[in-house]
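Here's the structure, in structure tokens; my notes come after.
Computed from a predicted structure; not experimentally measured.
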Amino acid sequence: MALASTPYSSRISEVKGLQEKLDKAYEYDFGRPKNEITVKQWEKLLNPDGDLLGGFLREWKDDGKLLPGYIRSKQTQIERGFDTIIGLESGKIKPSAVQ
């Protein structure tokens, strides 16, 4: 995400690589039984119309580059999204506790 302060056009290959890894992680969790809540969290995280990583990447692409302060605030928010997925997968967060 720190790269978003540079022009998107100069980082297209890195973004595509990241998106491929995220898609693989989503597909892996999607294919696992009884994993609906984790899949929903992935969908929130990756939604290009949302406020998390998918939306962040769309904004970077649309705007060309983003301001450092904005990037830092979004990093914290997106880290929480990943932490939720990790917690669900490790059993530290009970599915009933996730909204």
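Atom CD1 of residue I86 and atom OG1 of residue T38 lie 11.0 Å apart, to the nearest 0.5 angstrom. Distance check, rounded to the nearest 0.5 Å: CG of L18 to CG of L53 gives 6.0 Å.
Taking hydrophobic clusters as Ile, Leu, Val, Met, Phe, Trp and Tyr residues chained together by side-chain heavy-atom distances below 4.5 Å, L45 does not share a cluster with L88. Cluster annotation: M1 is connected to L52 through the hydrophobic network of ILVMFWY side chains, with a link wherever side-chain heavy atoms come within less than 4.5 Å. By the criterion of side-chain heavy atoms lying less than 4.5 angstrom apart, applied directly or through intervening Ile, Leu, Val, Met, Phe, Trp or Tyr residues, I12 is grouped together with L22 in one hydrophobic cluster.
F30 meets the ring pair (Phe, Tyr, Trp, His ring centres under 6.0 Å) test with Y26; sequence neighbours excluded. Contacts of D49 classified as side chain to side chain contact (heavy atoms under 4.5 Å, CB included), with partners at least two apart in sequence or in another chain: N47, R58. For Y8, the ring pair (Phe, Tyr, Trp, His ring centres under 6.0 Å) partners are W60, not counting sequence neighbours. Judged as a side chain to side chain donor-acceptor pair (under 3.5 Å), and not counting sequence neighbours, Q19 has no contacts.
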Please list every donor-acceptor pair under 3.5 Å in which a side-chain atom of residues 66-81 meets a protein atom from a residue at least two apart or in another chain.
residue	atom	partner	partner atom	Å
Y70	OH	E59	OE1	2.5
Y70	OH	E59	OE2	3.0
S73	OG	Y70	O	2.9
K74	NZ	D51	O	2.4
K74	NZ	Q77	OE1	2.7
T76	OG1	R72	O	3.4

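A heavy-atom distance below 4.5 Å is found between the side chains of W42 and F82. Taking the side chain as every heavy atom from C-beta outward, I85 and Q41 approach each other to under 4.5 Å.
Residues in residues 1-21 take part in these salt bridge (Lys or Arg N to Asp or Glu O under 4.0 Å) pairs, two or more places apart or across chains: R11-E14. Evaluation of the salt bridge (Lys or Arg N to Asp or Glu O under 4.0 Å) test over residues 30-40, restricted to residues two or more places apart or in two chains, returns D29-R32, R32-E89.
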